[in-house]
Amino acid sequence: MTVTDLFRLDDVRALITGASRGIGAAIAQAFAESGARVALAARTERATEDVAGRIGRSCGTEAHRVAGDLADPEVAPRLVDQAAHALGGLDVLVHNAGVLPTDPQGNPVLKPFARSTPEEWQPVVAVNLAATVALCRAAHRHLLESPRPSVLLVSSVAGLIGVPTMEAYGVTKAAQVSLARSLATGWAPQRIRVNALCPGWVRTDMTSVVHGDEALSGHLLRHVPMRRWADPGEVAGSAVFLTSPAASFITGQALVIDGGLSVPHGGLADLAAGPPDGM
Ligand SMILES: NC(=O)c1ccc[n+]([C@@H]2O[C@H](COP(=O)([O-])OP(=O)(O)OC[C@H]3O[C@@H](n4cnc5c(N)ncnc54)[C@H](OP(=O)(O)O)[C@@H]3O)[C@@H](O)[C@H]2O)c1
């Protein structure tokens with residue numbers, strides 16, 4: 001096997017949740033281009049039609065589609081079993097679907113913790129945490145049958161740093177990192193690798209209220225040393241890497257993809273623009 005072969009996913013059977021758009025769609029496309037056979041999950045089958053069509057045209061492989069609302073506790077095991085049935089087994093679970101708290105119109109709700117409500121926390125805990133647990137639990141028996149099993153949880157840098165007004169989101173994302181570490185340790189004797197990805201600011205529908213607001217976006221990017229948003233494709237490469245043979249001895253890790261946002265800088269990042277007057 002050459003070093004470039006190590007980064008391929010030939011014939012890997014992968015379920016990718018949240019594959020209708022954003023980071024999940026980019027991961028699905030990258031997996032298919034790397035040789036994987038994919039099952040795409042979103043709330044409706046219609047939602048993954050375009051991504052499946054693109055994969056079919058560009059890679060010549062059929063992308064299977066499964067659907068269900070992961071806020072419903074009965075959906076995760078059904079999606080896993082349907083994907084495993086369609087693919088003839090399961091080698092990789094990528095749980096990428098995730099949500100922020102939203103208002104009834106679907107707009108993100110970012111407000112002080114003390115004013116946050118149980119109704120706002122509940123769907124975030126259901127999709128980002130409870131569904132993660134249920135998907136991993138359901139995938140386990142299929143992964144035991146796989147020659148190269150692994151799990152990848154799309155967490156967030158918000159699970160590693162303090163993000164006021166995003167506590168519900170941050171707590172669930174931190175829990176995904178914790179679960180990845182515990183499962184990696186517990187499942188290592190069964191050869192199942194479990195890792196997490198922690199993206200920073202990525203330009204998707206989820207963050208449109210921020211990247212669509214020039215002033216707010218500019219304010220946030222002041223704290224990103226690379227001073228820009230990531231494109232979803234910049235997360236997808238790391239997803240391929242962590243589930244490929246190139247990462248065969250990597251487990252229990254949280255790979256941060258954030259343009260330097262979480263690098264501790266003690267408030268000195270602004271010095272890059274030049275020392276303040278008098279220094
Ligand atoms: N964008 C960022 O800056 C950023 C940063 C760090 C981490 N992340 C994480 O990356 C992941 C993907 O984020 P994104 O920005 O690509 O989000 P996005 O554009 O909002 O897409 C979310 C995906 O999750 C699916 N989804 C949402 N709620 C669901 C539910 N209840 N049941 C099943 N599927 C559901 C959506 O499918 P439908 O078609 O059914 O809506 C869609 O495919 C999330 O876990 C997010 O927390 C994002």
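Each ligand, and each atom within it, is numbered from 1 in the order the structure gives.
- For the residue pair His95/Thr17, the side-chain donor-acceptor check at 3.5 Å is satisfied.
- A salt bridge links Arg141 with Asp81: the distance from a Lys NZ or Arg NE/NH1/NH2 to an Asp or Glu carboxylate oxygen falls below 4.0 Å.
- Closest to atom 18 (P) of ligand 1 among all protein heavy atoms lies Arg21 NH1, 3.5 Å.
- If you check each of Ile257, Asn128, Asn96, Val210 against atom 11 (C) of ligand 1, the one with the closest non-hydrogen atom is Asn96.
- Between atom 32 (N) of ligand 1 and the options Thr132, Val235, Thr204, Leu70, the minimum heavy-atom separation is to Leu70.
- Residue-ligand proximity, Ala47 to ligand 1, at heavy-atom distances under 4.0 Å covers atoms 39 (O).
- Listed by atom number, the atoms of ligand 1 under 4.0 Å from Thr207 heavy atoms are 1 (N), 2 (C), 3 (O).
- Counting the atoms of ligand 1 from 1 in the order shown, those under 4.0 Å from a heavy atom of Gly68 are 32 (N), 33 (C).
- Remark: Arg43 does not engage Asp69 in a salt bridge, criterion side-chain N to carboxylate O under 4.0 Å.
- Between Trp187 and His140, the ring centre distance stays below 6.0 Å.
- Heavy atoms of Trp229 stay at 4.0 angstrom or farther from ligand 1.
- Inspection of the Glu167 and Ser116 side chains reveals no N or O donor paired with an N or O acceptor under 3.5 Å.
- Among protein heavy atoms, the minimum distance from atom 31 (N) of ligand 1 is reached at Asp69 OD1, 2.7 Å.
- Atoms of ligand 1 lying under 4.0 Å from any heavy atom of Ala19, numbered from 1 in the order shown and given with element: 43 (O).
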